[in-house]
Number of protein chains: 2
Amino acid sequence: MCRTASKQLLNREPGKCKAGKIQDWIIKIHVNILERMKESTVTAYDRFLSMNGLRDTKQRRLIFETFMEQNEHLTAEALYHILQKDLPQIGQATVYRTLKLLCENGFAHELSLHSHGGHAQSSYFEPTLAREHHDHLVCTQCGRHLEFHNEVLETLQEKIAEEYSFELTSHTHVLYGKCKNCHS
Amino acid sequence: MCRTASKQLLNREPGKCKAGKIQDWIIKIHVNILERMKESTVTAYDRFLSMNGLRDTKQRRLIFETFMEQNEHLTAEALYHILQKDLPQIGQATVYRTLKLLCENGFAHELSLHSHGGHAQSSYFEPTLAREHHDHLVCTQCGRHLEFHNEVLETLQEKIAEEYSFELTSHTHVLYGKCKNCHS
DNA sequence: ATAGATGCAAATGGTTTGCAGCTAT
DNA sequence: ATAGCTGCAAACCATTTGCATCTAT
């Protein structure tokens with residue numbers, strides 16, 4: 001049982017044999033890395049504030065921390081509702097202003113996951129943090145969204161940009177369709 | 001001179017030699033194909049109207065024709081201004097309504113080329129017509145946009161969708177960066 | 001003390017909608 | 001005749017902004 005390929009490592013119960021121990025280490029290291037990243041993000045945030053003469057206010061700090069804890073993207077409105085639990089008098093404008101600030105400084109980025117125009121539809125925000133870059137699959141029926149990442153695709157994009165002498169800074173890539181549950 | 005590679009065919013003056021003649025034919029055929037496509041689009045439009053009990057009004061026809069002549073994507077507003085020259089009393093609402101109708105029925109599609117949220121920014125529309133599918137490169141500095149098409153990328157998207165059991169219907173793929181002129 | 005941040009309410013602006021009158025069928 | 005269209009103006013709605021007030025520095 002302990003001879004199984006490393007591929008299967010992560011499906012095992014920990015501590016059962018040497019492989020189990022290795023798995024424990026891996027998990028420990030992983031958690032550690034995440035912790036460090038979080039720490040360094042907070043540090044980066046502090047440095048960012050002081051370097052730009054921006055004030056460390058109660059609401060700004062709370063928005064930053066609450067937002068960074070999210071591992072799913074969410075709308076400004078949704079974040080606002082979460083924040084209200086901790087600080088009832090917080091204003092929507094402050095949330096929007098702070099989110100914008102975070103986006104402009106690499107702590108967050110904004111996504112438009114709606115397939116097409118219509119009434120203004122709210123955009124989503126996600127923390128840049130420890131998360132790898134990813135793009136999205138959106139179900140046009142139930143609205144569910146999945147994330148995907150494909151290295152070949154990323155490389156391809158860079159090549160295309162190069163071909164047109166573009167200095168690539170970001171991209172939007174959303175695939176729309178019907179998800180497993182929604183196409184009969 | 002007539003021995004040049006076919007690659008160079010299109011840069012030559014027509015009718016100078018055999019290759020010139022071939023070029024003339026190619027152009028003729030190409031124009032012909034475009035004509036036919038245009039014709040069949042108009043026919044499809046007529047059929048679409050009658051099959052759905054929709055009326056063939058002056059404004060609807062004009063919007064359709066004017067829009068289909070565009071070979072660059074444009075905003076509803078821009079189209080509205082063009083239309084006003086031919087039919088001054090036309091209303092924005094009619095333009096929006098018709099554009100929506102065209103999108104819903106495969107004659108047009110809508111693009112959001114703005115990198116990120118902010119105030120509602122207008123989306124672009126482009127005729128489906130004879131144009132191949134393409135995606136966009138947008139310069140975040142000067143706003144210029146280029147089109148690109150990459151078959152590998154398209155195939156890759158299909159594979160990704162398949163991997164997640166998604167029935168793909170459309171996608172948004174925009175690369176943002178600085179164009180040749182804008183990055184010093 | 002004071003530049004900067006906040007909360008409120010009003011403004012924005014692309015797009016949609018209600019409605020009374022118009023027009024293809 | 002009548003169901004569908006149109007133009008107008010008002011409504012929508014996510015986001016931004018002006019401003020008086022508050023607060024980190």
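These figures come from a predicted structure and were not determined experimentally.
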| field | Distance, nearest 0.5 Å, that separates NZ of B:Lys21 from NZ of B:Lys28 | value |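 Answer for the NZ-NZ pair, B:Lys21 versus B:Lys28, is 11.5 Å.
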
| task | Enter the distance from A:Leu101:CG to A:Cys103:SG here, rounded to the nearest 0.5 Å. | result |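 The CG atom of A:Leu101 sits 9.5 Å away from the SG atom of A:Cys103.
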
| said: Heavy atoms within less than 4.0 Å of DNA chain C: which residues of residues 50-80 of chain B have one? Give them sorted by number. | reply: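 Hits under 4.0 Å, by residue number: B:Arg55, B:Asp56.
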
Length of the [atom1]-[atom2] vector between [X] and [N], whole Å:
X	N	atom1	atom2	value
A:Gln121	D:dC12	CD	C1'	13 Å
A:Gln89	C:dA9	CD	P	14 Å
A:Leu49	C:dG4	CG	P	14 Å
B:Tyr124	C:dT15	OH	C1'	16 Å
B:Arg97	D:dC5	CZ	P	10 Å
A:Asp46	D:dT25	CG	P	11 Å
B:His114	C:dG13	NE2	P	16 Å
B:Leu111	C:dT15	CG	C1'	17 Å

| Of the listed nucleotides D:dT16, D:dT6, C:dG14, the one nearest the side chain of B:Tyr96 |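 Per side-chain heavy atoms of B:Tyr96, the pick is C:dG14.
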
| request: Would you indicate which nucleotide in C:dT17, D:dG18, D:dT15 comes nearest to any side-chain atom of B:Ala93? | output: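 Given the options C:dT17, D:dG18, D:dT15, the side chain of B:Ala93 is closest to C:dT17.
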
| said: Between B:Thr169 (side chain only) and A:Tyr176 (backbone N and O only), is there a donor and an acceptor less than 3.5 Å apart? | reply: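 Yes, because the side chain of B:Thr169 sits within donor-acceptor range (under 3.5 Å) of the backbone of A:Tyr176.
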
| Do the ring planes of B:Tyr45 and B:Phe48 sit parallel (below 30°), tilted (30 to 60°) or perpendicular (above 60°)? |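 If you compare the ring of B:Tyr45 with that of B:Phe48, the planes turn out tilted.
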
| field | Centroid separation B:His133 to B:His171 less than 6.0 Å | value |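 Yes, the ring of B:His133 comes within the 6.0 Å limit of the ring of B:His171, centre to centre.
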
| message | In this structure, is the centre-to-centre distance between the rings of A:His183 and B:Phe166 below 6.0 Å? | response |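 No, the ring centres sit 6.0 Å or more apart.
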
| query | Within the pair B:Thr94 and D:dT6, is there a side-chain N or O less than 4.0 Å away from OP1 or OP2? | reply |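 Checking B:Thr94 against D:dT6: no side-chain N or O falls below 4.0 Å of OP1 or OP2.
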
| message | Using a heavy-atom cut-off of 4.0 Å across all strands, would you classify B:Gln92 as base, sugar-phosphate, or nothing? | response |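 The residue B:Gln92 makes no contact with any strand.
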
| message | Quick test of your reading of the model: are A:Asp86 and A:Lys58 salt-bridged, counting only N-O distances below 4.0 Å? | response |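 No, this pair does not count.
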
